[in-house]
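Accompanying notes for the structure given below.
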Amino acid sequence: MSHTPRSSVGRRSVLLAAAASALPAMSVRAVTPVRAPVAKSRPLRVGVIDLSFHRASAGVVAQVLEAGDVDHQFTFAPHERLYERLGRGELDMAVSAWMPGSHGDYVRTYEHELIRLGVLYQPYALWGVPDYVPAVELATVGDLRRPEVAGRMIKRIQGIAPGAGISRFSQEIMRMYDLGAHGYEFANGSLEACVGAFESAMAQQRWVVVPLWRPQYLHARYRIRELREPQGLLRGVDDATLVLRRDARTKIPDRTLAILAGMSLGNETVAMLDERVGREGQPAAAAAAEWLRRDPDRLDRWALAGRRVLEEARA
């Protein structure tokens, strides 16, 4: 009769005992539901028009969001692209919509989906000339057609991107005043091209017209005289307004939302920040943080003002 060696029996007993002791645990694990990983909430997606003064004001918005511990990310885009993405819900906030003139057409079809928050500043478009150009000879846009003026002007009017309000308005001015027939041409381009053309003309004391706006950093360095445009083609003063999609409201705590609703920078502050960001190359966040540190109570005042704005909107 064969016998199983004692050593094999011992090992088998140990394995069976281990397996038996493991069965309850294995059974428990089999019926315990597997928890899905917790999805991290999507950050607040903030769109900024890719020009230096929009970046400058967005630096202040960033400081407010960071103070409120709001997870966020910035996207920089030209006007058309930014408002298309905001309308599709790919962006949650825009810094900032110039309403109603410059950017109103972009948001008209989905404006009911937006919450208007703070008016950061009050910009307006203009055509300007260096102050050494005599006002007695060139006071209005229409004066550009006068032979004695047209003979001295640089005929290329260098603008910025075609989606900007000032660019669209300038094209209208070219047509309405028939400036092409007097040798003028309007050219779209970059902000750098616009600034460079103006500064080059200034250095040579030449007569030049620049399609510009306030606030903008050139006004801090040069005296630029605005030409009158009586037909209203430049649209007048806008409100540079923070706009937030209604479906993104829950991403922002109440106090932070109140601060954003009460924010007010003013044209001079934006021009100063634009000078530091656009000309000196200072990061927008650093320029904004330095400005905010000068007045530690500013956010509290904005929060108080913003609560009133939100309460009136709900009423």
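Side chains included, hydrogens not; waters and symmetry mates left out as well; all remaining heavy atoms used.
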Please, which pairs that meet side chain to side chain donor-acceptor pair (under 3.5 Å) have at least one residue in residues 80-91, sequence neighbours excluded? Tyr83-His103, Arg85-Glu90, Arg88-Glu90
Sequence neighbours left out, what pairs pass side chain to side chain donor-acceptor pair (under 3.5 Å) with at least one residue falling in residues 232-244? Ser102-Asp238, Gln122-Asp239, Glu172-Arg235
Hey, does the Lys NZ or Arg CZ of Arg298 hover above the aromatic six-ring of Trp291, less than 6.0 Å from the centre and inside 45° of the axis? yes
So, using side-chain contact (heavy atoms from CB on, under 4.5 Å) as the criterion, who are the partners of Arg293 when residues are at least two apart? Ala289, Glu290
Return the set of residues passing side-chain contact (heavy atoms from CB on, under 4.5 Å) with Gln205 (not counting sequence neighbours), or none when no residue passes. Tyr132
Which atom names give the shortest non-hydrogen contact between Gln63 and Leu292, and what distance separates them? CB-CD1, 3.5 Å
Should the pair Arg45-Asp92 be classified as a salt bridge under the 4.0 Å nitrogen-to-oxygen rule? yes
Please enumerate all residues that pass side-chain hydrogen bond (donor to acceptor under 3.5 Å, both in side chains) together with Arg116, with sequence neighbours excluded. Glu111
Is the shortest distance from a Lys or Arg side-chain nitrogen in Arg246 or Glu113 to a carboxylate oxygen in the other one below 4.0 Å? no
Any residue meeting side-chain hydrogen bond (donor to acceptor under 3.5 Å, both in side chains) with Asp295, in chain and number order, not counting sequence neighbours: Arg301
Determine, for Arg249 against Asp254, whether the closest basic-nitrogen to carboxylate-oxygen distance falls under 4.0 angstrom. yes
Would Phe74 end up clustered with Leu265 when hydrophobic side chains under 4.5 Å apart are linked, directly or stepwise? yes
Is Asp274 salt-bridged to Arg55, going by a charged N under 4.0 Å from an acidic O? no
Residues at least two apart in sequence or cross-chain that pass side-chain hydrogen bond (donor to acceptor under 3.5 Å, both in side chains) with Arg175, listed by chain then number, are none
Shared ILVMFWY cluster between Ile160 and Val277, side chains joined below 4.5 angstrom? no
Looking at Val210, Ile166, Leu212, Leu233, which one forms a side chain to side chain contact (heavy atoms under 4.5 Å, CB included) with Trp127? Ile166
Which pairs with one or both residues in residues 218-261 pass ring-ring contact (aromatic ring centres under 6.0 Å, His included), sequence neighbours excluded? Phe198-Tyr222
Which residues satisfy the side-chain contact (heavy atoms from CB on, under 4.5 Å) test with Asn188, sequence neighbours excluded? Pro162, Ser167, Gln171, Phe186
Return the orientation label for the Trp98 and Tyr121 ring planes: parallel under 30°, perpendicular over 60°, tilted otherwise. perpendicular
Only counting residues at least two apart or in another chain, list the ones meeting side-chain contact (heavy atoms from CB on, under 4.5 Å) with Ser200. Gln204
Could you give the distance from CG (Leu126) to CD1 (Ile224), rounded to the nearest 0.5 Å? 7.5 Å
What one should report as the nearest heavy-atom pair of Gln73 and Pro43 is OE1-CG, 3.8 Å
Establish whether Met99 and Leu114 are linked, either directly or via other cluster members, by ILVMFWY side-chain heavy-atom contacts under 4.5 Å. yes
Of all residues at least two apart in sequence or in a different chain, which pass the side-chain hydrogen bond (donor to acceptor under 3.5 Å, both in side chains) check with Trp213? none
Residue pairs, two or more places apart or on separate chains, that pass side chain to side chain donor-acceptor pair (under 3.5 Å) and touch residues 258-268: none
